[in-house]
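To keep things clear, I will list the structure first and then write my remarks on it.
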Amino acid sequence: MKIEVLEVLKSNYAAKGIPKGALALPLTLLLVVLFVPLIMNLHESYSNLYHDGSLESTENLTCNVFSGNWVAYSGGPYYDNESCPFITYKQNCFMNGRPDRDFLKWRWKPDQCELPLFDAKKFLKLVRGKSMAFVGDSVGRNQMESLLCLLNSVARPEDITDRYTLNDDKYFKWWFYAHYNFTVAILWSPFLVKSSEKYLNDTSFSNAENLYLDEADEAWTTHIANFDYVIFSGGQWFFRPLTFYEKGRVVGCQKCHNVTTDPLNLYGYRNALRTAFRTVVNLKGFEGMVILVTHSPNHFENGAWNKGGGCNRTKPITKEESASVKPYGLEEIYEIQVEEFRVAENEGREKGLRFGLMNITGVMVMRADGHPDKYGHNLDANVRINDCVHWCMPGPIDTWNQFLLRLITISTF
């Protein structure tokens, strides 16, 4: 229609013998009238998308958000132990008597950009109609429960665990956000591969666990085919005595003779992680995104976990100071994770899968103040332990889900 109007005007002017130059002004005015509203609408649409967080700046998309420092922050935590019902007792530091709050007055500041605060509405908008599985150990559950608390200000989920398992325990949980048709689950698998599961009845940490390094654990493989996001974490359970099997035969062991003096043999961890990645990459029907959360450091000082070691700091250390902090086995496990992730990422992308690395190791090395320490409980509520592995809630672990939100946002572009 607009083209027809222009053609009519041109023909009328030509018929009257009007010079061509005389057409310029009226045609320009007509174009302005026709197209300015369209341009304004496009600009408004773009502006709305940008300011509600649906679009990220080029700087933020390319920035390494895992390189930075913790800086003072007066905004306070996203939630507290009274407003969130999803906090495991052992990570409920304030309920267990932790008196200080200074460790909550920090936020993560990347060197070259800003990490947006967690936006529960944006997160739920992005995951509408989708599903997310956390696969790993209790640190993975720690992150999942942080996510539930962060989302609790907007929506509260229904516990639908009984649809998937008859066991009413903490190891496997499914939660469903009906309004958003969003499912989140924790699938307990501390070794990622099949194990003898002796640990279920033996908490002495002195008897070797049998690991079948070439067989992925069915506790998670039987569930994840239709999940949109699978988040692997772990590594904490690979410091104990282990016997390694491949093709049904013993191929090695770790801490076989002396639990205290024998060195780590991380052949087991490398191959367990490799098997997990290969399984998900080759899993029939899986089309989701695979995310690896790098190793979460422990911070036992003045002794090992079972020798009176603790973590009673009340504020973070700087990046420069963290260079001298070397938790047992951390560097070795981290290097294995990054190497195996890159291999799996290359293989997966050939099949159209998406991968994301949540590189929290260096970030959390600085946060010895964020653990429960003596304000964590084990399964027997009457026995106090120094927990320098898990993270208080609320606390710095909530930042992990800021990273998660960013990874999901980027993956939608």
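Heavy-atom basis, side chains included; hydrogens, waters and symmetry copies ignored.
- Take Tyr334 and apply the ring pair (Phe, Tyr, Trp, His ring centres under 6.0 Å) test, not counting sequence neighbours, and it matches no residue.
- When the shell of 6.0 Å around CD of Glu287 is examined, it contains 12 or fewer heavy atoms from other residues, nucleotides or ligands.
- The environment of Asn302 atom CG is sparse: at most 12 non-hydrogen atoms of other residues, nucleotides or ligands sit within 6.0 angstrom.
- Side-chain N/O atoms of Gln254 and Tyr267 include no donor and acceptor closer than 3.5 Å.
- Remark: Lys109 pairs with Val71, Arg107, Glu114 by the side-chain contact (heavy atoms from CB on, under 4.5 Å) rule, at least two apart or across chains.
- Atom CZ of Phe232 is separated from atom OG1 of Thr294 by 15.0 Å, given to the nearest 0.5 angstrom.
- Contact check on Lys173 versus Asp159 returns a salt bridge, with a Lys/Arg side-chain nitrogen under 4.0 Å from an Asp/Glu carboxylate oxygen.
- Defined by atom type and a distance below 3.5 Å, a donor-acceptor pair is present between the side-chain atoms of Asn401 and Gln143.
- Figure legend: Arg367 and Trp70 shown as a cation-pi pair, the cationic atom lying under 6.0 angstrom from the six-membered ring centre and within 45 degrees of its axis.
- Between Glu340 and Arg270, at least one side-chain N (NZ, or NE/NH1/NH2) sits under 4.0 Å from a carboxylate O, which counts as a salt bridge.
- Counting non-hydrogen atoms of other residues, nucleotides and ligands closer than 6.0 Å to CD of Glu320 gives a total above 12.
- A side-chain donor-acceptor contact under 3.5 Å links Asp111 and Ser67.
- Between Phe103 and Trp391, the gap from one ring centroid to the other reaches at least 6.0 Å.
- Around atom NZ of Lys315, no more than 12 heavy atoms belonging to other residues, nucleotides or ligands sit under 6.0 Å away.
- A salt bridge between Lys351 and Glu347 is absent, with no side-chain N of the basic residue lying under 4.0 Å from a carboxylate O of the acidic one.
- Among the candidates Val290, Val343, Leu192, the single residue satisfying the side-chain contact (heavy atoms from CB on, under 4.5 Å) test with Phe277 is Val290.
- Residues satisfying the side chain to side chain donor-acceptor pair (under 3.5 Å) criterion with Tyr73, sequence neighbours excluded, are absent altogether.
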